[in-house]
2 protein chains.
Amino acid sequence: MIRKQAITQIEDLEWHSVEEIPGLRYKFLIDSDVTSSRGLSLGALEVAPGAILPPHHHSPQEIYLFHSGEGEVILGDEIHQVRAGTAVFIPEHCWHGLINKGDQPLAFYWIFPTDSWSEIEYIYDKSSAK
Amino acid sequence: MIRKQAITQIEDLEWHSVEEIPGLRYKFLIDSDVTSSRGLSLGALEVAPGAILPPHHHSPQEIYLFHSGEGEVILGDEIHQVRAGTAVFIPEHCWHGLINKGDQPLAFYWIFPTDSWSEIEYIYDKSSAK
């Protein structure tokens, strides 16, 4: 595949749900599974009020960039408040998750230095986090 | 330096200006020059009404993620409209720039798969773009 420029508009993209985790939905904005991109991937995730993104870790570093709602991020052994305009750097194999304690959806972008989200192996065992 | 998690809040960060280019200002959110991060860097740039981010290219791929205002992105030989929620994938050495023809600031995030923005070599010669 020739790698070339891509433009997407968030409202035009389809939501996907996570069968095993209620209250989560996501879209791929820039991702080699849907755009002819490589080396960076970008998606949008929404956590419904009361829902949780279960803590996990993975090999690549990641950025979370929040754009609406309020919640708490679990990051290593810390918990921090997040809201629109919060950016979080998650190092390689750092334990992280999210809780939406508010009454509005907690919406953010994830960014990986990978071609795609689908190549990330999610690990839900804290003992193997670094 | 030990690479560890980082959290920043956009309103709390200092604006920088670009001496040679009027109407631009920027902030570093996640960047090894200001946070103990690596492998991903994230910054915010604002283009004032009427201002231009001059077309250029560089070795790493990049993502632009727009969050307010309206404008036009130059991308290779194309021009596209951008607004809040537009994501743009810019391949390696792809010619790109921005024009704000609106009456509000055009605000977006840049993302590189690099430790920092400062390591990017900007090239303003279109003939060397791929």
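Lettering of chains follows the sequences in order, A, B, ..., and the numbering in each one begins at 1. Worth knowing before you read on, the calculation uses all heavy atoms, side chains too, and leaves out hydrogens, waters and symmetry mates.
Heavy-atom pairs under 4.5 Å with chain B peak, among A/V88, A/V82, A/D12, A/I90, at A/V88. Ranking B/H67, B/Q9, B/R83 against chain A, the residue ahead of the rest is B/Q9, based on heavy-atom pairs under 4.5 Å.
Put simply, A/Y122 and A/V47 are part of the same group of oily side chains (I, L, V, M, F, W, Y) that touch within less than 4.5 Å, one to the next. At a threshold of 4.5 Å between side-chain heavy atoms, the hydrophobic network of Ile, Leu, Val, Met, Phe, Trp and Tyr places A/I7 and B/F66 in one connected group. A/I123 and A/L53 are not part of a single hydrophobic cluster, where members link through side-chain heavy atoms under 4.5 Å apart. In terms of hydrophobic clustering, with Ile, Leu, Val, Met, Phe, Trp and Tyr side chains grouped at heavy-atom distances under 4.5 Å, B/Y26 and A/I63 are assigned to different clusters. Hydrophobic clustering, with ILVMFWY side chains joined whenever heavy atoms are under 4.5 angstrom apart, groups B/L45 together with B/Y64.
For a residue to count as touching a neighbouring chain, one of its non-hydrogen atoms must lie under 4.5 Å from one of that chain's; by this rule B/I30 touches chain A with the side chain only. Contact of B/L65 with chain A is made through the side chain alone, with heavy-atom distances under 4.5 Å. For chain A, the nearby part of B/A84 is the backbone; its heavy atoms alone come within less than 4.5 Å. Within the 4.5 angstrom heavy-atom criterion, only side-chain atoms of B/V73, from C-beta onward, approach chain A. At a 4.5 Å heavy-atom cutoff, the contact between B/E78 and chain A is made by side-chain atoms alone.
In terms of modelled atom types and a separation under 3.5 Å, the side chain of A/Q61 and the main chain of B/L40 share no donor-acceptor contact.
Contacts between residues 107-114 of chain A and chain B, counted as heavy-atom pairs separated by less than 4.5 Å, involve A/Y109, A/I111, A/F112, A/P113. Along residues 15-25 of chain B, no residue comes nearer than 4.5 angstrom to chain A, judged on non-hydrogen atoms.
The neighbour count for B/D77 CG, taken as heavy atoms of other residues, nucleotides or ligands under 6.0 Å away, does not exceed 12. A 6.0 Å sphere centred on CD of B/E121 holds no more than 12 heavy atoms belonging to other residues, nucleotides or ligands.
Here the closest heavy-atom approach between residue A/L29 and residue B/G85 is recorded as CD2-O, 4.4 Å.
With a 4.5 Å cut-off on side-chain heavy atoms, B/F89 and A/T35 do not count as touching.
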